[in-house]
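Everything numeric in this text was worked out from a predicted model, so none of it was measured.
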Amino acid sequence: MTTIASINRTTPAITAPTAAGSYTSTSSAASTTGNGSSTVVSLGAAAAPVSDKALVWENRTRSTSASLMARNFGNEVGASRLKGLGGELLKQVAYDGADFSQTVQQAPGGTQANTYDMLVSPSQVSQHGMGDNQISLSITTRSGAKVELKLDAGDNSIAVEAHVDGKLTDTERKALGELSDAFQKSIDGLSQDPPHIDIAGLTQFDSSALASVDLKGQVKINGSDTQQLDFHADSTQRTLSFNGPAGNASIGVDLSKPASWGSKEQQATALKNYLQQVDQAGVRGQGNGDMITMFKDAFTGMNSDYGTPPPVSPQSIFLTDQDHALTTGLADFTASFAQTEVSSNPMRPTEKDSFAYDLSQKTSISGTSQLDRGVSQKQESHLKARYHEPVKAGALLRLDMSPNSQNYKYNIIDDSASSTTSISYEKGVLAKASLETQAHQSIRTLKYMLGKLKDDQTTPTGKAMSRDLVPTLEPERYGLDPLTDDQRTQMLATLNKQIFLQSNPSAIPDERH
């Protein structure tokens with residue numbers, strides 16, 4: 001037998017689940033030689049299948065997670081070696097609440113593989129956290145317990161670790177188990193090439209059992225580039241940032257004003273409108289498709305479901321249907337992304353292709369009571385982009401150091417837009433209501449022929465619209481018939497469609513009051 005390292009102890013191990021959500025424990029002892037050195041440890045035919053390569057393990061603890069590690073080591077490479085591991089490890093913690101640590105790597109050359117033997121050698125196993133692909137999940141429960149999971153995979157190793165600080169209640173264990181699939185989806189998405197941001201499930205934790213969820217990850221893509229992600233969610237906020245070869249992004253969602261949230265239907269409509277603005281900006285600024293897709297996925301995941309709003313006290317100000325008609329229904333947020341700059345013209349390296357876009361919403365609810373209240377909301381967007389294009393549409397752009405390649409246009413875009421609504425009441429009577437929308441676009445085009453600047457033009461366009469909404473909301477004040485209930489419902493639905501951000505000046509109506 002192959003001598004590996006000194007270890008002499010009996011360690012409880014967890015075998016594969018015997019039924020849904022249940023695990024059983026066994027024990028196995030290392031056999032030792034007379035001089036104290038440890039040999040191959042046989043776990044018997046019931047042991048989890050491993051690869052056809054001889055593997056060295058950190059310890060003899062057997063679990064479904066270890067089975068996956070062995071299978072993935074033999075069948076996957078890079079970040080794909082984390083397939084299924086995150087979700088399974090979280091299920092394991094949810095079941096028994098115990099710490100767990102395991103690492104596997106290929107045995108030294110000359111070691112014979114045996115699918116029923118486990119080579120144990122803590123000293124020869126690579127350290128935890130040393131792989132190129134690393135994921136960590138930290139969850140704090142309502143009772144104050146903290147669960148930390150760490151996974152990493154490299155060219156020659158896979159490592160997982162779980163630590164529980166505190167005692168988990170049955171409710172907390174259930175809540176942890178319910179997040180297992182969402183955790184694995186986030187890992188799988190980040191491991192794709194190009195990466196996919198899938199964090200929606202992690203926002204849907206049971207807030208009565210769990211206080212916060214944090215996910216950090218970095219994976220190697222394209223063989224050399226690194227994609228990073230940092231996510232946090234609790235009852236008052238959600239934050240997400242990611243960066244990689246395509247660019248970087250940051251999204252923050254404020255959950256502290258649930259009174260401003262609209263119905264699920266209204267939120268879905270608002271989300272669709274915001275995503276349309278992102279698409280329009282991408283077309284106008286010729287943004288990177290992979291980066292735009294990642295941002296849209298992330299923005300959707302952060303805003304698709306805010307959970308159940310907390311109970312409202314009788315003294316709190318709440319929004320009526322009329323107030324909601326003048327707001328998007330989404331929680332306030334700030335969001336931005338920028339693609340990695342590229343110098344695509346070697347003759348003029350300072351002419352970079354770039355794309356940066358930011359989007360935000362801010363709501364204010366003021367007043368001393370329900371009868372004397374005010375609600376205002378502002379949506380804003382800003383696009384800055386630079387890109388090269390052929391002089392003639394449809395022509396190929398191949399910029400190099402030769403003058404004949406230097407026939408092109410270099411476009412510089414600077415756009416901004418905003419939409420602001422406001423409504424207020426005095427002693428229960430509508431006092432003011434307004435809508436202000438504006439959009440400004442500017443494109444500067446530098447035209448080069450054979451490398452010489454032939455034209456430099458800047459084309460600005462803009463439009464602004466301001467409306468007094470009191471005549472729309474209460475036509476009877478101006479001698480018209482009051483609206484029926486059905487007419488009022490229809491009027492509010494129509495008005496809500498008109499408050500959304502419009503980045504294209506031509507989409508803003510000419511109406512002015």
Spacing of [atom1] belonging to [X] relative to [atom2] belonging to [Y], to within rounding of 0.5 Å:
X: Thr421; Y: Lys378; atom1: OG1; atom2: NZ; answer: 11.5 Å
X: Phe295; Y: Asn288; atom1: CZ; atom2: CG; answer: 14.0 Å
X: Leu359; Y: Leu501; atom1: CG; atom2: CG; answer: 6.5 Å
X: Ile365; Y: Ser376; atom1: CD1; atom2: OG; answer: 9.0 Å
X: Leu149; Y: Leu89; atom1: CG; atom2: CG; answer: 5.0 Å
X: Lys91; Y: Gln184; atom1: NZ; atom2: CD; answer: 9.0 Å

Just by distance, no angles: are the side chains of [X] and [Y] close enough, under 3.5 Å, to form a donor-acceptor pair?
X: Glu88; Y: Ser65; value: no
X: Asn222; Y: Ser224; value: no
X: Thr320; Y: Asp323; value: yes
X: Asn273; Y: Gln277; value: no
X: Ser416; Y: His382; value: no

Indicate yes or no for a side-chain donor-acceptor contact from [X] to the backbone of [Y] under 3.5 Å, with no hydrogens or angles considered.
X: Arg386; Y: Asp353; value: no
X: Thr203; Y: Ile199; value: no
X: Asp152; Y: Ile135; value: no
X: Gln266; Y: His324; value: yes
X: Asn133; Y: Ala153; value: yes
X: Asn496; Y: Leu492; value: no
X: Arg142; Y: Ser207; value: yes
X: Asn243; Y: Asn248; value: no
X: Gln377; Y: Thr328; value: yes
X: Glu148; Y: Ile139; value: no

Partners passing side-chain contact (heavy atoms from CB on, under 4.5 Å) against [X] (at least two apart in sequence or in another chain):
X: Gln286; value: Tyr387, Glu389
X: His232; value: Ser212, Asp214, Asp234, Gln237, Thr239
X: Thr169; value: Thr171, Glu172

Over all atoms of both residues, closest heavy-atom pair of [X] and [Y]:
X: Phe355; Y: Gly287; value: CD1-CA, 3.6 Å
X: Leu383; Y: Ala281; value: CD2-O, 3.9 Å
X: Ile187; Y: Gly86; value: CD1-CA, 3.8 Å
X: Gln105; Y: Ser157; value: CB-CB, 4.1 Å
X: Arg238; Y: Met302; value: NH1-O, 2.9 Å
X: Ala175; Y: Asp206; value: CB-CB, 4.0 Å

With sequence neighbours excluded, residues passing salt bridge (Lys or Arg N to Asp or Glu O under 4.0 Å) with [X]:
X: Asp155; answer: none
X: Asp225; answer: none
X: Lys185; answer: none
X: Lys384; answer: none

message: With ring pair (Phe, Tyr, Trp, His ring centres under 6.0 Å) as the rule and sequence neighbours excluded, what pairs involving residues 244-269 come up?
response: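 Listed once each, the pairs are Trp261-Tyr306.
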message: Once ring pair (Phe, Tyr, Trp, His ring centres under 6.0 Å) is applied, what residue pairs with a partner in residues 268-289 remain, sequence neighbours excluded?
response: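 Only Tyr274-Phe333 qualify under ring pair (Phe, Tyr, Trp, His ring centres under 6.0 Å).
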Strictly below 4.0 Å, N to O, side chains only: are [X] and [Y] in salt-bridge contact?
X: Lys146; Y: Asp165; answer: no
X: Lys296; Y: Asp279; answer: yes
X: Asp305; Y: Lys264; answer: yes
X: Asp415; Y: Arg284; answer: yes

task: Determine the sole option in Asp230, Ile197, Leu202 for which the side-chain contact (heavy atoms from CB on, under 4.5 Å) test with Leu240 is passed.
output: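 The single option meeting the side-chain contact (heavy atoms from CB on, under 4.5 Å) with Leu240 is Ile197.
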Those residues that, when tested against Ser80, pass side-chain hydrogen bond (donor to acceptor under 3.5 Å, both in side chains) (two or more places apart):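 None.
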message: Around atom CZ of Arg173, are there more than 12 heavy atoms from other residues, nucleotides or ligands closer than 6.0 Å?
response: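 For Arg173, atom CZ is crowded (more than 12 foreign heavy atoms under 6.0 Å).
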task: Kindly check if the number of other-residue, nucleotide or ligand heavy atoms within 6.0 Å of NZ (Lys220) is above 12?
output: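 Yes, because the 6.0 Å sphere around NZ of Lys220 holds more than 12 heavy atoms from other groups.
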Do the side chains of [Y] and [X] get nearer than 4.5 Å, heavy atoms only?
X: Ile292; Y: Asp290; answer: no
X: Ile158; Y: Thr103; answer: no
X: Leu137; Y: Leu90; answer: yes
X: Leu168; Y: Thr141; answer: yes
X: Ser186; Y: Leu215; answer: yes
X: Tyr357; Y: Val278; answer: yes
X: Asn303; Y: Val253; answer: yes
X: Gln102; Y: Asn59; answer: yes

query: Does Arg81 make a cation-pi contact with Phe73 (under 6.0 Å, within 45 degrees of the axis)?
result: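 Verdict for Phe73: a cation-pi partner in Arg81.
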message: Restricting to ring pair (Phe, Tyr, Trp, His ring centres under 6.0 Å), what partner residues turn up for Phe242, sequence neighbours left out?
response: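 Phe242 satisfies ring pair (Phe, Tyr, Trp, His ring centres under 6.0 Å) with no other residue.
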- request: Evaluate the side-chain contact (heavy atoms from CB on, under 4.5 Å) criterion for residues Val375 and Thr327: first the C-alpha distance (whole Å), next the side-chain angles of each, then the deciding distance (0.1 Å), finally the verdict.
  value: CA-CA 9 Å; Val375 181; Thr327 58; 4.1 Å; yes
Sequence neighbours excluded - side chain to side chain donor-acceptor pair (under 3.5 Å) pairs with any residue from residues 331-343: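 Those involving residues 331-343 are Lys257-Asp332, Asp332-Gln361, Asp332-Thr363, Ser343-Lys352.
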